[in-house]
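Residue numbers begin at 1 in each chain, while the letters A, B, ... track the order of the sequences. When reading the values below, keep in mind they use all heavy atoms of this one structure, side chains included, and skip hydrogens, waters and symmetry mates.
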Amino acid sequence: DGGITQSPKYLFRKEGQNVTLSCEQNLNHDAMYWYRQDPGQGLRLIYYSQIVNDFQKGDIAEGYSVSREKKESFPLTVTSAQKNPTAFYLCASRTTSGSNQPQHFGDGTRLSIL
Amino acid sequence: GQQVMQIPQYQHVQEGEDFTTYCNSSTTLSNIQWYKQRPGGHPVFLIQLVKSGEVKKQKRLTFQFGEAKKNSSLHITATQTTDVGTYFCAVAGSQGNLIFGKGTKLSVKP
């Protein structure tokens, strides 16, 4: 079954700790995205990648880092510099064949501070 | 940068009543997409509108794209409890990303 897998589902971060959220897709999509969702807010773009070994900052990249070493994988690291990391993190992907293709989302990771 | 305003933020309806959410942009849009996010879930793509004045239907859901391609609406006829969730519109950003509205959270009282 093709799809996007995010792990873990729940994650707790201690003060000063970096944590990494996993996102894997087997849809053969070129483009991948990370969004942050806070209660009552829409989805805000953190980072995105259109192709392997390349990625761009979104609207709220400060305190986050990503890598795109493989087409299937786009992990997000929430660094200690992100002072308010508690949120719901969503990974998405889409094909770049054809214009304006829809995004497919994973089930998300809920991150909280201990 | 590109922004899209979505209203209302919340809508509470009695089961069987209709529901409408609106998205507005100050600039002409090439297309607009609609997503639904169930409580505790992730956004799921519903539909994309591309043409000026386009109207598309999915069972009780009717999607419209304005003539000027600056606004769009999603209308649900005779809501059911299964319609509960947050409905987002999204427009294309300059780098192939999507820019989402803040969403309309729909609750349905049985």
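Atom NE2 of His42(B) sits about 5.5 Å away from atom CG of Asp107(A), to the nearest 0.5 Å.
Counting heavy-atom pairs under 4.5 Å between each of Gln9(B), Gln6(B), Lys105(B), Gln33(B) and chain A puts Gln33(B) at the top. Of all the listed residues (Gly42(A), Ala31(A), Pro102(A), Gly106(A)), the one sharing the greatest number of non-hydrogen pairs under 4.5 Å with chain B is Pro102(A).
Residue-level contacts of residues 50-63 of chain A with chain B, in order of numbering, are Gln50(A); threshold 4.5 Å between heavy atoms.
Trp34(B) and Val50(B) are assigned to two separate hydrophobic clusters, defined by single-linkage of ILVMFWY side chains at heavy-atom distances under 4.5 Å. Note: the hydrophobic cluster containing Leu46(B) does not contain Tyr22(B) (ILVMFWY, side chain heavy atoms under 4.5 Å, direct or indirect links). Cluster membership check: Ile46(A) shares its hydrophobic cluster with Met32(A), using side-chain heavy-atom separations under 4.5 Å among Ile, Leu, Val, Met, Phe, Trp and Tyr. The hydrophobic cluster containing Ile4(A) does not contain Leu21(A), counting ILVMFWY residues as joined when their side-chain heavy atoms lie under 4.5 angstrom apart, directly or transitively. Val78(A) and Trp34(A) end up in the same hydrophobic cluster when Ile, Leu, Val, Met, Phe, Trp and Tyr side chains are linked at under 4.5 Å.
Both the backbone and the side chain of Leu43(A) come within contact range of chain B, judged by heavy atoms closer than 4.5 Å. Heavy atoms of Arg44(A) lying under 4.5 Å from chain B are absent altogether. Heavy-atom distances place the side chain of Asn31(B), and not its backbone, under 4.5 Å from chain A.
Around CD of Glu69(A), the count of heavy atoms belonging to other residues, nucleotides or ligands within 6.0 Å does not exceed 12. For Lys56(B), the NZ atom sits in a packed shell: over 12 heavy atoms of surrounding residues, nucleotides or ligands are nearer than 6.0 Å. Counting heavy-atom neighbours within 6.0 Å of Arg60(B) CZ, excluding the residue itself, gives a total above 12. Within a 6.0 Å sphere centred on CZ of Phe45(B), other residues, nucleotides and ligands contribute more than 12 heavy atoms.
Put simply, the side chain of Phe105(A) reaches to within 4.5 Å of the side chain of Tyr35(B), judged on heavy atoms.
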Quiz item: What's the verdict on ring pair (Phe, Tyr, Trp, His ring centres under 6.0 Å) for Phe100(B) and Tyr35(A), showing C-alpha distance, side-chain angles and the deciding distance?
Solution: CA-CA 10 Å; Phe100(B) 284 82; Tyr35(A) 295 92; 5.4 Å; yes
Exercise. Please lay out, stage by stage, how Thr86(B) and Gln37(A) fare under the test side-chain contact (heavy atoms from CB on, under 4.5 Å).
Key: CA-CA 12 Å; Thr86(B) 302; Gln37(A) 187 174 33; 5.8 Å; no
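Not a single donor-acceptor pair under 3.5 Å links the side chain of Tyr33(A) to the backbone N or O of Leu98(B).
Between Gln37(B) and Phe88(A), the closest heavy-atom pair is NE2-CE2, 3.9 Å.
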